[in-house]
Amino acid sequence: MDSTKWISKKIALLGNHAVGKTSLISRFVENKFPEGYLTTIGLKVDKKTISVDGYNIDLVIWDIAGQENLANIPHYYLNGCSGYIYVVDLTRPSTYENLRSQTLLLKGILPEAEALLAGNKRDLLNEEELKIILEDFNIQPDELTSAKTGENVEELFLQLARKLIHQHESQGT
């Protein structure tokens, strides 16, 4: 008998416009990088089932249109979210200058949600540029990703899935 457990979790990708949320999801779900800029209007929902740590977990991924201020997102988009990934574009400081205030706002809206920070577009920076950005702006992404090359994209979603499994087990559900 198969002892694999099944769970389903709603997650959201959030951040400013053009940080690569849709491209990260496309790379994760379809292993494709869309050429050209894809604008998400409102939201788009994808799903992918992954196996990790004895669980099959259905990730229902909400790609929410980019917002400079997360207070502008309809809160019902976030209802039921177990976790989220906040994405910044490492090449555009404006996408992480207000990171602290946006993080505090999200914690208020989703106090129980698991959260990760992704620094995307890693492929566009050399090591020295990356070091300067991370130090000067004091940002500490959980993963440095590139939707274009696929670097750390799978790892990003696996890391969140493991947090969601831990959350699920600690709630005894």
Side-chain angles (χ1 to χ4, degrees), residues 8-53 55-70 72-73 77-78 81-99 102-103 106 110 113-134 136-137 139-165:
S8 180
K9 297 290 182 177
K10 175 183 173 182
I11 64 171
L13 265 73
L14 303 162
N16 289 16
H17 73 285
V19 294
K21 297 179 299 293
T22 302
S23 296
L24 283 168
I25 293 168
S26 181
R27 174 61 75 184
F28 176 65
V29 173
E30 304 169 17
N31 197 26
K32 293 180 183 173
F33 178 74
E35 293 299 329
Y37 176 64
L38 301 174
T39 301
T40 302
I41 299 172
L43 70 98
K44 180 179 181 285
V45 179
D46 282 288
K47 179 180 166 188
K48 183 171 180 176
T49 302
I50 59 173
S51 297
V52 60
D53 298 343
Y55 281 85
N56 284 331
I57 181 168
D58 289 326
L59 293 176
V60 181
I61 308 165
W62 286 49
D63 179 4
I64 299 175
Q67 299 285 331
E68 312 308 312
N69 183 349
L70 295 176
N72 297 330
I73 294 174
Y77 282 6
L78 300 174
C81 269
S82 297
Y84 62 88
I85 299 170
Y86 190 88
V87 183
V88 298
D89 176 344
L90 293 169
T91 69
R92 289 180 28 228
S94 63
T95 69
Y96 44 85
E97 286 173 339
N98 64 351
L99 184 59
Q102 295 301 291
T103 301
L106 281 169
L110 297 167
E114 298 295 336
L116 291 179
L117 174 63
N120 196 33
K121 303 187 184 180
R122 166 69 185 96
D123 57 295
L124 299 177
L125 299 168
N126 65 38
E127 290 302 319
E128 187 59 32
E129 291 168 324
L130 179 63
K131 182 180 177 199
I132 290 168
I133 287 168
L134 296 178
D136 285 358
F137 287 92
I139 60 172
Q140 300 166 346
D142 294 290
E143 290 289 349
L144 298 172
T145 60
S146 168
K148 185 173 187 175
T149 67
E151 179 182 357
N152 292 330
V153 174
E154 187 85 13
E155 291 82 356
L156 174 69
F157 285 91
L158 286 173
Q159 188 178 154
L160 184 57
R162 285 188 176 97
K163 286 180 146 220
L164 295 171
I165 289 167

If you round to the nearest 0.5 Å, how far is CG of L164 from NZ of K9?
-> 6.5 Å

Between N56 and T49, do the side chains contain an N or O donor and an N or O acceptor separated by less than 3.5 Å?
-> no

List the steps, then state whether side-chain contact (heavy atoms from CB on, under 4.5 Å) holds for F157 with T145.
-> CA-CA 11 Å; F157 285 91; T145 60; over 6 Å; no

Salt bridge check: are D46 and K44 linked by an N-O gap of less than 4.0 Å?
-> yes

Once you round to the nearest 0.5 Å, how far does CG of L156 lie from CZ of R27?
-> 13.5 Å

CG/L160 to CD1/I57 distance, rounded to the nearest 0.5 angstrom?
-> 7.5 Å

So which heavy atom on P93 is nearest to which on F137, and how close?
-> CB-CZ, 3.6 Å

Interatomic distance, K131 atom NZ to I133 atom CD1 [nearest 0.5 angstrom] | 13.0 Å

Validation row: K10, L59 side chains within 4.5 angstrom (heavy atoms) | no

Show the numbers, then the answer: is there a side-chain contact (heavy atoms from CB on, under 4.5 Å) between L130 and L90?
-> CA-CA 8 Å; L130 179 63; L90 293 169; 3.9 Å; yes

From R122 CZ over to E143 CD, what is the distance, rounded to the nearest 0.5 angstrom?
-> 12.5 Å

Kindly say whether D89 contributes a backbone atom to a donor-acceptor pair with the side chain of T95 at under 3.5 angstrom?
-> yes

Option from T91, L14, V87 for which side-chain contact (heavy atoms from CB on, under 4.5 Å) with V19 holds | V87

Audit row: K48, D58, side-chain contact (heavy atoms from CB on, under 4.5 Å) steps and yes/no = CA-CA 6 Å; K48 183 171 180 176; D58 289 326; over 6 Å; no

Non-hydrogen atoms of N120 and A147 that approach each other most closely | OD1-N, 3.4 Å

If you take all heavy atoms of K21 and N16, which pair is closest and at what distance?
-> NZ-O, 2.7 Å

If you take all heavy atoms of P141 and L134, which pair is closest and at what distance?
-> CD-CD2, 3.7 Å

Measure the shortest side-chain to side-chain distance between I25 and W62 over non-hydrogen atoms and say whether it is less than 4.5 angstrom.
-> no

Note, L70 side chain near L106 side chain (heavy atom, < 4.5 Å) = yes

Measure the shortest side-chain to side-chain distance between I64 and L78 over non-hydrogen atoms and say whether it is less than 4.5 angstrom.
-> yes

For E155, does its backbone N or O pair with a side-chain atom of N152 as donor and acceptor, under 3.5 Å?
-> no

Test log, rule side-chain contact (heavy atoms from CB on, under 4.5 Å), inputs S26 and F33 = CA-CA 6 Å; S26 181; F33 178 74; over 6 Å; no

To the nearest 0.5 Å, atom CG of D142 lies from atom NZ of K163 at 6.0 Å

Is the closest side-chain heavy-atom distance between L144 and L125 below 4.5 Å?
-> no

Would you name the heavy atoms of I85 and A118 that are closest together and state the gap between them?
-> CG2-CB, 3.9 Å

